Amino acid sequence: MEKLSQKLLATLDKDHEQNMLWMEGSNAGVLVHSSEPPQGYTVPWHRHRRTQLLCVFAGVVLILTTRGRWMVPPGHALFIPVGLEHSVEMLSDVSIKSVYVMPNDPTPPEEAPRVVEVTDLARSLLLEAIRLREAPLGNRKAELVLSLLIEEISTLEERPLGLPFPSDRRLAALCRDYLANPTPNARLDDWAEKLATSRRTFTRQFRKETGISFTTWRQQASVFACLPQLAEGQPVTNVALEAGYESVAAFTTMFRRMLGTSPRTYMVNRWSFDRP
């Protein structure tokens, strides 16, 4: 991955600041926004006074929050609660469309972010809402589109794409390294040795930090790490084997468990998601 120039980073950060000023200065109940940041850019940590539905139309993003991190592939979105501090990493060139909804209750809820699958209707309504966002105040069509969009997103189906991440600094570093370079040679004993701890202690600590076993986490992380490669069009067989799965069938089983479909079907359905 090429490193972004300081000039481009400064431009992207300025665009983010201007977007934040626009959102915070508006009293509209619903706002929509569109952006196409490049691979390698990370949106600085920030929070909103509105609930955000961050929809990924192309590419793959990783949203970091104080409650964990969520990888969002094309055709999916993340509900980000009011006031929750978060950052967004672009794992590839992406196209993002967001909906910001002012809550009825100003008190931030104690809900966690959740990934949902975006329906064709929600996609079409969001694209139309973005096209109409400069319409005059009181425009009937714009109001109807936004009303139906809010109704539709309230019914979107949740997908189990949240990857638990440890708060322990050293353990988190190992997890990040694995996401960057999943390998079939990653073993529990090796990780325990790197942390200078016993297998039993490591197993107990890992489950305490993430809520799941090391094996389960590694399987889920492998699928997460593969999404950018699949989005780039790499063959499923190559991706599965490089991620450490013994067979394409094993990889497909885990992929289907997380995303509800096979890798091939999933990516075929998502290639044209960003097209009008």
Side-chain angles (χ1 to χ4, degrees), residues 1 16 19 32-48 50-81 84-101 111-120 122-123 126-127 130 149 152-165 175-176 179-180 182 217 220-233 239 243 254-261 263 265-267 269-274:
M1 176 176 27
H16 169 68
N19 182 46
V32 292
H33 183 259
S34 177
S35 64
E36 297 186 351
Q39 179 181 17
Y41 179 61
T42 299
V43 177
W45 285 86
H46 63 287
R47 65 184 68 194
H48 306 291
R50 293 175 172 83
T51 297
Q52 179 183 6
L53 180 70
L54 188 154
C55 303
V56 180
F57 274 52
V60 182
V61 302
L62 181 66
I63 294 95
L64 298 83
T65 79
T66 53
R67 296 185 184 177
R69 58 188 61 200
W70 284 259
M71 185 173 284
V72 185
H76 290 76
L78 183 72
F79 274 109
I80 303 176
L84 180 63
E85 194 171 12
H86 61 281
S87 177
V88 185
E89 291 186 12
M90 314 305 157
L91 302 184
S92 62
D93 292 342
V94 302
S95 176
I96 297 174
K97 322 291 183 187
S98 288
V99 184
Y100 302 90
V101 182
E111 60 181 324
R114 54 191 177 92
V115 178
V116 296
E117 186 168 0
V118 179
T119 61
D120 289 340
R123 167 191 174 278
L126 180 49
L127 287 174
I130 290 172
L149 175 60
E152 179 65 11
I153 64 179
S154 69
T155 66
L156 298 182
E157 184 177 352
E158 185 172 358
R159 288 296 186 189
L161 287 176
L163 183 66
F165 222 77
C175 290
R176 175 173 282 278
L179 277 174
W217 186 93
Q220 293 181 358
S222 294
V223 172
F224 275 40
C226 289
L227 290 175
Q229 286 75 33
L230 290 171
E232 292 171 1
V239 172
M254 176 57 67
F255 196 98
R256 189 185 300 276
R257 184 182 305 167
M258 295 182 65
L259 290 165
T261 187
T265 301
Y266 174 79
M267 295 316 301
N269 290 340
R270 299 303 162 187
W271 285 129
S272 60
F273 192 82
D274 194 33

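Worth knowing before you read on, the calculation uses all heavy atoms, side chains too, and leaves out hydrogens, waters and symmetry mates. Everything numeric here is computed off the predicted structure, so don't read it as measured data.
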At their closest point, which heavy atom of [X] faces which heavy atom of [Y], and how far apart are they?
{"X": "F255", "Y": "T261", "result": "CD2-O, 3.3 Å"}
{"X": "P113", "Y": "L78", "result": "CB-CD1, 3.9 Å"}
{"X": "M90", "Y": "P38", "result": "CB-O, 3.3 Å"}
{"X": "V72", "Y": "A77", "result": "CG1-N, 3.8 Å"}
{"X": "L126", "Y": "L149", "result": "N-CD1, 4.0 Å"}
{"X": "E36", "Y": "S95", "result": "OE2-OG, 3.8 Å"}

[atom2] on [Y] to [atom1] on [X], rounded to 0.5 Å:
{"X": "L156", "Y": "F79", "atom1": "CG", "atom2": "CZ", "answer": "5.5 Å"}
{"X": "C55", "Y": "H76", "atom1": "SG", "atom2": "NE2", "answer": "11.0 Å"}
{"X": "Y100", "Y": "T51", "atom1": "OH", "atom2": "OG1", "answer": "12.0 Å"}
{"X": "R114", "Y": "E157", "atom1": "CZ", "atom2": "CD", "answer": "11.5 Å"}
{"X": "H33", "Y": "L54", "atom1": "NE2", "atom2": "CG", "answer": "11.0 Å"}
{"X": "S98", "Y": "I80", "atom1": "OG", "atom2": "CD1", "answer": "7.0 Å"}

Are [X] and [Y] close enough that some pair of their side-chain heavy atoms sits under 4.5 Å apart?
{"X": "Q52", "Y": "L84", "value": "no"}
{"X": "V116", "Y": "L53", "value": "yes"}
{"X": "H16", "Y": "P44", "value": "yes"}
{"X": "T42", "Y": "L64", "value": "no"}
{"X": "Y41", "Y": "V94", "value": "no"}
{"X": "I96", "Y": "S34", "value": "no"}

For W70 and T65, run side-chain contact (heavy atoms from CB on, under 4.5 Å): C-alpha distance rounded to whole Å, both residues' side-chain angles, the deciding distance at 0.1 Å, then the answer. CA-CA 8 Å; W70 284 259; T65 79; 3.2 Å; yes
Anything under 30° is parallel, anything over 60° is perpendicular, the rest tilted; go ahead and classify H86 against H48.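 Tilted: the ring planes of H86 and H48 meet at 30° to 60°.
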